[in-house]
Amino acid sequence: RLYDVFFPSFEANANNSKTHTTKSRTAYRMTNLCLNTAIGLFGAYCHYWELPTLPVPSVSQDLGGVNVTDTEVARIVGLHDEFYLFPAIQLGIQAWSILSGSVSKHENAEMALHHIGVILAAVMGGFGTFGFRYWLPFFFGVFEVSSIPLAVMNVFGDHPDAAKKHPKLNLLARATFVVLFLYFRVYVWMSY
């Protein structure tokens, strides 16, 4: 429904030289910006504030002299059903992206494959019971924080005149994307 809110706004306010496809693509990008912001902030809240307060499951296994109750493994063993919402949201977003992106030619085949990959990962996280759910708020939530400036970059990419008119904002979006991507999707992920 966000797309349905954004498109008429761009249709009415954009100058007549913009094509229907460009206006539609901009509404699509703005919808992604809102969704990425919402799921990124929700993921950060759950990962950094809710997850540490959950009780550690009682697991009394001895793995080569290491008691798993004293390690992060004890948390991972829990089912964490309370986080099923993250893969469910991602399934919806990615299915919408595939349909909307392919029908209105917003995205290329590589992006469709990316969306299919995220759907497969969401299915594993949502339906698997092998310990992946502990990471759902981070993997399907916090990761999306880096996609917020990416959505802004994509809007500038679709509107080169706006990029020329606002070069500092364009540069800020690009630099922020690089920093957040490297921090969350490389550094923090690898440190876990």
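These figures come from a predicted structure and were not determined experimentally. We're numbering straight along the sequence, starting at 1.
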* To do: Mark yes or no for whether T53, through its side chain, and E50, through its backbone, hold a donor-acceptor pair below 3.5 Å.
  =>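 Here the side-chain-to-backbone pair exists.
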* Asked: Is N170 reaching over with its side chain to a backbone N or O of H166, donor-acceptor style, under 3.5 angstrom?
  ->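 Not a single qualifying donor-acceptor pair exists.
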So do the side chains of [X] and [Y] get within less than 4.5 Å of each other, counting heavy atoms only?
| X | Y | result |
| --- | --- | --- |
| P149 | L180 | yes |
| I39 | Q90 | yes |
| R185 | S147 | yes |

Rounded at 0.5 Å granularity, tell me how far [atom1] in [X] sits from [atom2] in [Y].
| X | Y | atom1 | atom2 | answer |
| --- | --- | --- | --- | --- |
| N154 | M30 | CG | CE | 11.5 Å |
| L51 | W135 | CG | CH2 | 8.0 Å |
| H115 | E110 | NE2 | CD | 11.5 Å |
| T26 | D158 | OG1 | CG | 5.5 Å |
| R174 | T176 | CZ | OG1 | 11.5 Å |
| E144 | F139 | CD | CZ | 9.5 Å |

May I ask whether [X] and [Y] are part of the same hydrophobic cluster, defined by side-chain heavy atoms of I, L, V, M, F, W, Y residues being less than 4.5 angstrom apart, directly or through others?
| X | Y | result |
| --- | --- | --- |
| W49 | F42 | yes |
| V179 | F177 | no |
| I89 | L41 | no |
| V186 | V145 | no |
| L150 | I148 | no |

* Cut-off 3.5 Å, side chains only: do Q94 and S97 have a donor facing an acceptor? ->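 S97 and Q94 do not have a side-chain donor-acceptor pair below 3.5 Å.
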* Asked: Do R29 and S24 get their side chains close enough for a donor-acceptor pair, meaning under 3.5 Å?
  ->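 Checked: R29/S24 side chains show no N/O donor-acceptor pair below 3.5 Å.
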* Asked: What's the verdict on side-chain contact (heavy atoms from CB on, under 4.5 Å) for R133 and F86, showing C-alpha distance, side-chain angles and the deciding distance?
  -> CA-CA 9 Å; R133 290 182 182 170; F86 286 96; over 6 Å; no
* Between W96 and Y28, does a side-chain contact (heavy atoms from CB on, under 4.5 Å) hold up when you go through it step by step? -> CA-CA 10 Å; W96 173 80; Y28 176 80; 3.3 Å; yes
* Take I119 and I98 through the side-chain contact (heavy atoms from CB on, under 4.5 Å) test and state the conclusion after the steps. => CA-CA 10 Å; I119 287 173; I98 289 172; 3.8 Å; yes
* Quick one: sort the F143 and F138 rings into parallel, tilted or perpendicular, breaks at 30° and 60°. =>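 Perpendicular, since the angle between the ring planes exceeds 60°.
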* Asked: Crowded around Y48 OH? As in, over 12 foreign heavy atoms under 6.0 Å?
  ->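 Counting neighbours around OH of Y48, more than 12 heavy atoms of other residues, nucleotides or ligands fall under 6.0 Å, so yes.
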* Kindly indicate, with the supporting measurements, whether the criterion side-chain contact (heavy atoms from CB on, under 4.5 Å) is fulfilled by L172 and K168. => CA-CA 6 Å; L172 178 65; K168 290 181 182 177; over 6 Å; no
* Asked: If you take all heavy atoms of P87 and L136, which pair is closest and at what distance?
  ->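 It is CD-CD1, 3.8 Å.
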